Structures are given as C-alpha cells and as structure tokens.
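On a predicted model such as this, the values are computed, not experimentally measured, just so you know. The basis for the numbers below is simple: all heavy atoms, side chains too, and nothing from hydrogens, waters or symmetry mates.
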Amino acid sequence: MSSQPTSPSPERSNKVLQSPDEVLSTMSKDGKRRWLYPTPSPGTMHKARGVMAWALIVLFLGLPLVKIGGKPSVFLDLLHGEFTFFGLTLYANDTFLLMVFLLLTLMTVFFATSLLGRVWCGWACPQTVYLEFVYRPLERLFEGKEYTRKKRDEGPMTTEKFLRKFAKYIFYIAISLILAHTFVAYFVSWDALLIWMQRPPAENWGFFVMMAFTTGLVLFDFAYFREQMCTIACPYARLQSVLIDKDSMIVSYDPTRGEPRGRRSRAQRKEEQSGISLNLGDCIDCGACVRTCPTGIDIRDGLQMECVGCTQCIDACDAIMISVNKPKGLIRYTSENALAGIKTRIIRPRTVLYGAILCGLGAVFALSITARTELEVNVGRAVAEPYSTLGQGEIANRLNFRIQNRGKDTSAEITAIAPKDTQVKIVGPSQIALPGGETKRIEAFVIVPADSFTNGSAHGTFEIKTDDGYTKTVDFNLLGPSGNGTNNENSNENDTLEAPPTPEVQP
C-alpha cells in the first residue's frame, strides 16, 4: 500500500541496506527471517515518546496495586463476571453498558486514527512501548551497538557471545515474569496472586502452569517475534487504509523538497552552501531513516502498512538536516494533502461522523451509568406447581428473588405492596444480608388472598428496602384460581406452607 509514491533516484545507494530478494521488511523470498538492528535516534520525538512510554509502564504496573473502594482500580474478574474501572463496577448482566463501553473504545481508536494516523501504534501500544524502551535498550546494554551485535550474530558462538546473551536473557526472563504476573493480576488481583505464589507448586499447579505459559508468551514476543507482531500478526495495520484519508496526519517524506536525492562530496557541500545549485533535493540519500526504522521500511517509498508511526525516522532525518545546514522537516508529521500544497482539513465528513458517534456513545454511557440503581432485582417463579391453595383459602406462589448489591455491605427485607394484605414469607432469616458486589438468591412464599385474582392472575408489587434507606420496587404477575376462591387441578386444600431445610439458596 502506497499513498504518496516517489520517483526513486537512479543511484540509490541505500539499496545496500535491503536485500533485493526481500518480500516483507522482516522476511525474504525463501521465507527466512530477516533480523532487524534499528539504531536509536535521540531527538525531540524520541524524548516525548520516552516520557509517554514510562508513564504508561508505571500506569500498567500500578493500576492493579492501587485500590479504590476496596477493589483494584482496574479489575477484570471474569470468574465472577465483574469488571471494575476506577471505582465503577460493571457486572455480566450489564450487557448494554459493557457493549457501549467497548464501542466507545473502538470509536476512540477510529477517531484518533482519522486525525493522527497510527498514533496508538507508535506512542501507546504495549508492543512498541516495551520493545523500544525496555527490551531493546537492555539488548544494547549487554550486546553492544547495532553494527557490533549484527557482526557478532553472524559469526560463530564464542564465550563472549554466549555470556552476553546469557546475561541479557536473565534480565529478559525477569522482566517477562513481572509483566506476566501484572497482566494476570488484572484478572485475579494481586491479593490472590500472592496467596498462590506462597503455596507449594503441587497444591496449586494450575497457577504455575498458567504463569509459566504467560511468561513464555511475553518472552517469545519481545525476544524473538518482535516487530513481526506489528507487520504480520496485528490486524490494525490492515484497517488503517479505511480509517485514514488524505487529510489524516501521518509520518511522511516530502518528495517535492527531497527529490532528486543524492549524496554530496565535501566540495559539493561547499558549493551548495555558497549558493551554487546542484540540481539535487535536500535528501542526501544517507539511509539514516531506514537504519533507525524498527520495522525496516523506507519511509521515502510512501505510506506503508508496516509503518507504525513511531517517528524515529523524523528524529534521524532532522539530525542529518541539521548537520548539513538544511531546515528540519524533510520527514515530518503531515498529511498527504499538505504535501500536495492543499490545506489540511480537520473538520471533514469522516471526523464529523466519528466524532458524532463518539459523543453519542459517551452520552448514552453517562446516562446509563447515572440511571443504574444500587440494587438489581429480578423475580422468577420457582420450579414447582404454579400456585397452591392453603387451608384457609389463601393462594401461595413460590418465587425466587435474585438481588445484586452494587453498593456497600447492607441488609434488606422484602415486603409486598400489592395486592392488599399479601404476605411474603422468606425461606430463612427475614433480614437478608447483602454483601457489596455480591448476588443473593432468596426463595420466598407469597401468600395472597384468593379474592385478589382476576382470570387467574394478580398484579404483584414488591418492595426491597435496605437498612440504609434505599428502596427498590419490582412487579411480578402472580398466578391463582380463575375464579374468586375457586379451586382447580393445581389447588390442594390440605397444602401447608413448609420451608425447605436450607435457609437460602446461595448464588
């Protein structure tokens, strides 16, 4: 995919940097892996990305440790169907809210991409953050600079080479363990992890297998698979062609200014500085942008699927431009329209549509959150006969109340508001304990006067009131005889109300 093709110079000396048999930047025609050795390019963009990267790393490591309201600030408890985000807990039955939240996340990515291209990939994606600011710096520390490491890797295994790689992998494994445990903590919490870690492996072998597998995946990704996650596995690169347009800000090379590209001798540089035209563009064909690219592409060939928008080529090119007394920005963040001399539009149909959908979803999510009640109550009929007629002619319906407490620990009782003179007899204690964040299932017999039924049914209204004053009412259709006090095949004058032996049914 190329959206701004350039006319290649007939004498492109940077071709020595790439194999003519190359299919992908990381793979040759014979299917062999092409290892990349990108050189770091310190600069304004790199410093800004470093600040962002380490802020995200601290955030990732800290969120499971910081508790809000007794729960980790982000806790995706799949086992119990609870998803906590900074004090807000969504439950598995909050299907609508969860759907809106996921759509909000998706539309945020779409909106950001339409404005700034693959800004997520280059600045915030964990793959880029950890590879470029943790694993590769450690590799340079233990194995040396890129050209030295490449030469050593192409040679035989020596004692020095073995020791360097051994030390590197010791740190790689330690960091992978930390990242894997932190990742799992988002789903089970550090409290549970610490308990599991203190037990013998024989008593908790499932945990050790899970952690070994997760650590292995992290190590495989950052030590071996690396940029192939972005160029081969990640689907986002394939989506960018439909998410961006010619007004989207992307990392671009300016061919109008840079072409025709060509190297200069020392004498030619002096001539150029003195004002003599060499009929060459500003690009000196040094290949610095290619050497620094973490996915091995040449940004001068236009927008490509493998470009992750990391801006390392911008820093590399700016440094070269400064050294040859030319203005920076030959490679810069800009749009295709801007390169063609057309004003970039921020407000356009794509951004308006994405922005409107994003605002709409945000409003729906906010309204849904404010409309949530402290108690979620569902009423169902117990698996039994529809109703029973008691000895005094009263009608009994056996119901199940499912109460989910989304607030703090409390207790509640259930009473009947309608029909008149209806009684609710709880199987177990009448005062129901409701721990915060838990769901209770309560079985109850609802006893209704026979004359309350019309055509075999009566509209029931129940009130659930907590000890801290919160009230929730629910409606449920009660079944009874088709006529006032008339028994049918489901009634039994000798029925008595007997409680099951267990006081309540646990969730």
Side-chain angles (χ1 to χ4, degrees), residues 1-6 24-26 36 38-57 105-106 108-134 136 226-255 258 288-319 328-339 344 346 350-351 354:
M1 177 178 66
S2 179
S3 54
Q4 54 175 65
T6 60
L24 295 174
S25 60
T26 56
L36 301 181
T39 57
S41 297
T44 304
M45 291 291 188
H46 187 271
K47 291 177 182 177
R49 287 176 63 224
V51 172
M52 171 73 78
W54 282 104
L56 290 172
I57 291 172
T105 304
L106 185 64
T108 300
V109 173
F110 282 13
F111 185 67
T113 304
S114 68
L115 288 175
L116 301 171
R118 294 181 67 175
V119 65
W120 160 260
C121 296
W123 291 72
C125 177
Q127 181 71 22
T128 303
V129 166
Y130 289 104
L131 181 58
E132 300 302 328
F133 291 93
V134 178
R136 273 187 170 142
R226 295 194 161 188
E227 65 282 338
Q228 292 185 125
M229 179 64 71
C230 305
T231 60
I232 299 175
C234 181
Y236 182 60
R238 280 81 180 166
L239 290 175
Q240 69 169 332
S241 60
V242 297
L243 295 178
I244 67 174
D245 53 29
K246 291 187 176 182
D247 286 302
S248 300
M249 301 294 287
I250 56 176
V251 177
S252 301
Y253 164 74
D254 188 347
C289 57
V290 181
R291 287 192 297 270
T292 196
C293 180
T295 58
I297 66 168
D298 189 340
I299 193 63
R300 297 172 295 178
D301 291 336
L303 178 64
Q304 296 154 69
M305 183 187 70
E306 294 87 357
C307 177
V308 295
C310 68
T311 70
Q312 288 190 186
C313 55
I314 294 179
D315 283 331
C317 187
D318 282 350
K328 299 189 296 184
L330 180 59
I331 301 175
R332 61 187 184 273
Y333 248 132
T334 188
S335 68
E336 292 186 65
N337 274 341
L339 289 175
T344 300
I346 296 177
R350 182 187 300 269
T351 56
Y354 290 162

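The shortest side-chain heavy-atom distance between Y333 and I250 does not fall under the 4.5 Å cut-off. Under the 4.5 Å side-chain criterion, counting only non-hydrogen atoms from C-beta, I331 is in contact with C289. Taking 4.5 Å as the limit, some side-chain heavy atom of I314 sits within range of a side-chain heavy atom of V251.
Under the rule for a side chain to side chain donor-acceptor pair (under 3.5 Å), the partners of R136 that lie at least two apart in sequence or sit in another chain are E132, E227. When the side-chain contact (heavy atoms from CB on, under 4.5 Å) test is applied to T39, the partners found at least two apart in sequence or on another chain are E146, R291, T292. Remark: T113 engages V109, Y236, L243, I244 in a side-chain contact (heavy atoms from CB on, under 4.5 Å) (not counting sequence neighbours). Applying the side chain to side chain donor-acceptor pair (under 3.5 Å) test to T295 and every residue at least two apart in sequence or in another chain returns nothing. Under the rule for a ring pair (Phe, Tyr, Trp, His ring centres under 6.0 Å), F111 has no partner lying at least two apart in sequence or in another chain.
With rounding to the nearest 0.5 Å, the separation of CD in Q312 from CE in M45 is 12.0 Å. Atoms CG and CG, from D247 and N337 in turn, are 4.5 Å apart once rounded to the nearest 0.5 Å. Interatomic distance, CD1 of I299 versus CG of L330, reported as 11.0 Å (0.5 Å rounding). Going from atom SG of C234 over to atom CD of E306 covers 12.5 Å, rounded to the nearest 0.5 Å. Between the CG atom in D315 and the OG1 atom in T44 there is a gap of 6.0 Å [rounded to 0.5 Å]. Taking CG from L131 and SG from C230, the interatomic distance works out to 7.5 Å, rounded to the nearest 0.5 Å.
When atom types are taken as modelled, the side chain of S335 and the backbone of A338 share a donor-acceptor pair closer than 3.5 angstrom. Remark: the backbone N or O of S114 is paired with a side-chain donor or acceptor of S248 at under 3.5 angstrom. Put simply, the side chain of R300 never gets that close to the backbone of Y253: no donor and acceptor are under 3.5 Å apart.
Nearest heavy atom pair, residue G329 against residue D318, reads N-OD1, 3.1 Å. Shortest non-hydrogen contact noted between D245 and R350 is OD2-NE, 3.1 Å. Across all their heavy atoms, S41 and A316 have their closest contact at OG-CB, 3.4 Å.
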Pairs under 3.5 angstrom only: tabulate donor-acceptor contacts from the side chains of residues 119-130 to other protein residues two or more places apart or in another chain.
{"unit_1": "Q127", "atom_1": "NE2", "unit_2": "D221", "atom_2": "OD1", "d": "3.2"}
{"unit_1": "Q127", "atom_1": "NE2", "unit_2": "R226", "atom_2": "O", "d": "3.0"}
{"unit_1": "T128", "atom_1": "OG1", "unit_2": "C121", "atom_2": "O", "d": "2.6"}

L339 vs R332, side chain to side chain contact (heavy atoms under 4.5 Å, CB included): CA-CA, chis, key distance, verdict: CA-CA 10 Å; L339 289 175; R332 61 187 184 273; 3.6 Å; yes

Chi angles and distances behind the side chain to side chain contact (heavy atoms under 4.5 Å, CB included) call for C307, R118: CA-CA 8 Å; C307 177; R118 294 181 67 175; 5.5 Å; no

